[in-house]
Colleague: 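To start, I am sharing the structure in question, which I have written as structure tokens.
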Number of protein chains: 2
Amino acid sequence: MDRRQKKTREAIFKAFSELLEHKRYEHITVQDIIDTADVGRSTFYSHFETKDMLLKSMCSDIFDHIFEGNICDYKTENKDLEAVLSHVLWHLREHKTDIAGMFLSESSDIFMRYLHEYLERLFRLHLDDFHFKAPSEFVLNHLSVSFIEAIKWWVKTDMQASPETVAKYFTEVTETH
Amino acid sequence: MDRRQKKTREAIFKAFSELLEHKRYEHITVQDIIDTADVGRSTFYSHFETKDMLLKSMCSDIFDHIFEGNICDYKTENKDLEAVLSHVLWHLREHKTDIAGMFLSESSDIFMRYLHEYLERLFRLHLDDFHFKAPSEFVLNHLSVSFIEAIKWWVKTDMQASPETVAKYFTEVTETH
DNA sequence: TATGATACTGAACATCTTGTTCGGTTATAT
DNA sequence: ATATAACCGAACAAGATGTTCAGTATCATA
């Protein structure tokens, strides 16, 4: 990829991340983004159709990297759920600066929906380990959302606790250990 | 209150509800609302400062009614958590037409934050009944969010299950029964 | 290092949304 | 019946959106 493209793309991502820390997603304008990233208006639109598309691209970039390979590998290696989750949390902390804004931002549903999808896929692999009477769709959603909330709590407390601790808190309140 | 005010207010609420069923909150414009409600632009702004304020007013109206008295009363009467939650769900179903849009809408954080607040207050009253090692703020958030997700699942399945069933699902996956 | 291709710039643009103002009209309470 | 208050609707400035285009800078590569 052309160096210029990469540079512009990263400048926009960075600007967007920064803005998300102080402003709700829906209140961030394209104008804000191009001002902060210091790129031309037409440049922005040549990269991303809309603000939503920008967010989607950003999610893909991050999550594809974090979840890459880990999910299926771990299951086949028979590691337990808590270990897998710890691993995911480790990766998330590496991306702290990229994602903190989105977790703290009041309204970034696209981001959350994305993460949710990945997590449901992860939990579905472990479905047999659970023994709930509630419908599996209910349970899978419950676990995914609960894990996202655990991450939110973690980010809010500046990711002080270890990934293992957070994973333990999670498996405790969901009775999945 | 002047009949006209009440009528206008209700027309706006109704229009907003309808719009939320088909459109995300952030993509609904004031223009949409006044077109649907068939009220003048200035009329809207004489009732609500912003779109956010409209949503807040709507939340207050609904939740104040639903939670009115119930929370504290039930605790003092020593009813168990599941019974209280069933009660809340009953009330919610009565408001089905008002709230379905907000639960199905992808992005109505103000609404959710509101509900979350009420729920945390409710769960906090029962905090002694739980025996989790995770920090209480973590646990309270976990329970509130999990309950909201249970409601979302319920609304998505058109509130077919009984409130008791949903409450049971919830207490099962959170191990709070 | 020369060159064609490609990405960026920045200004202009029509269009839409917002929130306010104000004179005129209609409904309400008593 | 009348004073009060709410509504209407048109107009407005300010700002955002998404597009276009001619000009400039940077890239890959030969």
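Each chain gets a letter, A, B and so on, in the order the sequences are listed, and its residues count up from 1.
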Colleague: Indicate, with a heavy-atom threshold strictly under 4.0 Å, whether Thr43(A) touches base, sugar-phosphate, or nothing.
Modeller: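 The answer is base, as Thr43(A) lies within the cut-off (heavy atoms under 4.0 Å) of a base atom.
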Colleague: Checking Lys51(A) against Tyr25(A): charged group under 6.0 Å from the ring centre and within 45 degrees of the axis?
Modeller: yes
Colleague: Does Lys7(A) come within less than 4.0 Å of Glu10(A), counting only side-chain N to carboxylate O?
Modeller: no
Colleague: Between Gln31(A) and dA16(D), is there a contact of a side-chain N or O with OP1 or OP2 at under 4.0 Å?
Modeller: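 Checking dA16(D) against Gln31(A), no side-chain N or O comes under 4.0 Å of OP1 or OP2.
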Colleague: As a quick check of understanding, evaluate side chain to side chain contact (heavy atoms under 4.5 Å, CB included) for Met58(B) and Ser17(B), giving each step before the final call.
Modeller: CA-CA 10 Å; Met58(B) 206 156 152; Ser17(B) 257; 3.2 Å; yes
Colleague: Would you call Glu18(A) and Lys14(A) a salt bridge, taking side-chain N to carboxylate O under 4.0 Å as the test?
Modeller: yes
Colleague: For DNA chain C, whose closest nucleotide is more 5', that of Ser46(A) or that of Thr50(B)?
Modeller: Ser46(A)
Colleague: Tabulate atom names and distances for all N/O pairs under 3.5 angstrom spanning the protein and nucleotides 10-15 of chain D.
Modeller:
none

Colleague: Tell me whether Asp35(A) is salt-bridged to Arg41(A), with the criterion being a basic N under 4.0 Å from an acidic carboxylate O.
Modeller: no
Colleague: Does Arg121(A) qualify as a cation-pi partner of Tyr118(A), given the criterion of NZ or CZ under 6.0 Å from the six-membered ring centre and within 45 degrees of its axis?
Modeller: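 Pair Arg121(A)/Tyr118(A) counts as cation-pi.
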Colleague: Check this one for me: any side-chain N or O of Tyr45(A) less than 4.0 Å away from OP1 or OP2 of dG18(D)?
Modeller: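 Affirmative; the distance criterion is met.
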Colleague: Between P on dT17(D) and CD on Glu49(A), what's the gap in Å once rounded to a whole number?
Modeller: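 Atom-to-atom, Glu49(A) to dT17(D), this comes out as 15 Å.
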Colleague: With the criterion being N/O to N/O and under 3.5 Å, what pairs connect the protein with nucleotides 28-30 of chain C, and how long is each?
Modeller:
unit_1: dA29(C); atom_1: OP2; unit_2: Arg3(B); atom_2: NH2; d: 2.8

Colleague: Is the shortest side-chain N to carboxylate O distance from Arg124(A) to Glu120(A) below 4.0 Å?
Modeller: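 Salt bridge between Arg124(A) and Glu120(A), a charged N being under 4.0 Å from a carboxylate O: yes.
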Colleague: Salt bridge between Asp158(B) and Lys96(B), side-chain N to carboxylate O under 4.0 Å?
Modeller: yes
Colleague: Rounding to an integer number of Å, can you tell me how far Ile34(A) CD1 sits from dC8(C) C1'?
Modeller: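 In whole Å, dC8(C) C1' and Ile34(A) CD1 are 13 Å from each other.
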Colleague: Using atom CG of Asp52(A) as one end and atom P of dT17(D) as the other, report the distance to the nearest whole Å.
Modeller: 12 Å
Colleague: How close or far is atom C1' of dC7(D) from atom CD of Glu10(B), stated in whole angstroms?
Modeller: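 Atom-to-atom, Glu10(B) to dC7(D), this comes out as 16 Å.
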Colleague: Would you say dC8(C) has OP1 or OP2 under 4.0 Å from some side-chain N or O of His47(A)?
Modeller: yes
Colleague: In Å, rounded to the nearest 0.5 Å, how long is the span from CD1 of Ile12(A) to CZ of Phe44(A)?
Modeller: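 Rounded to the nearest 0.5 Å, the CD1-CZ separation comes to 6.0 Å.
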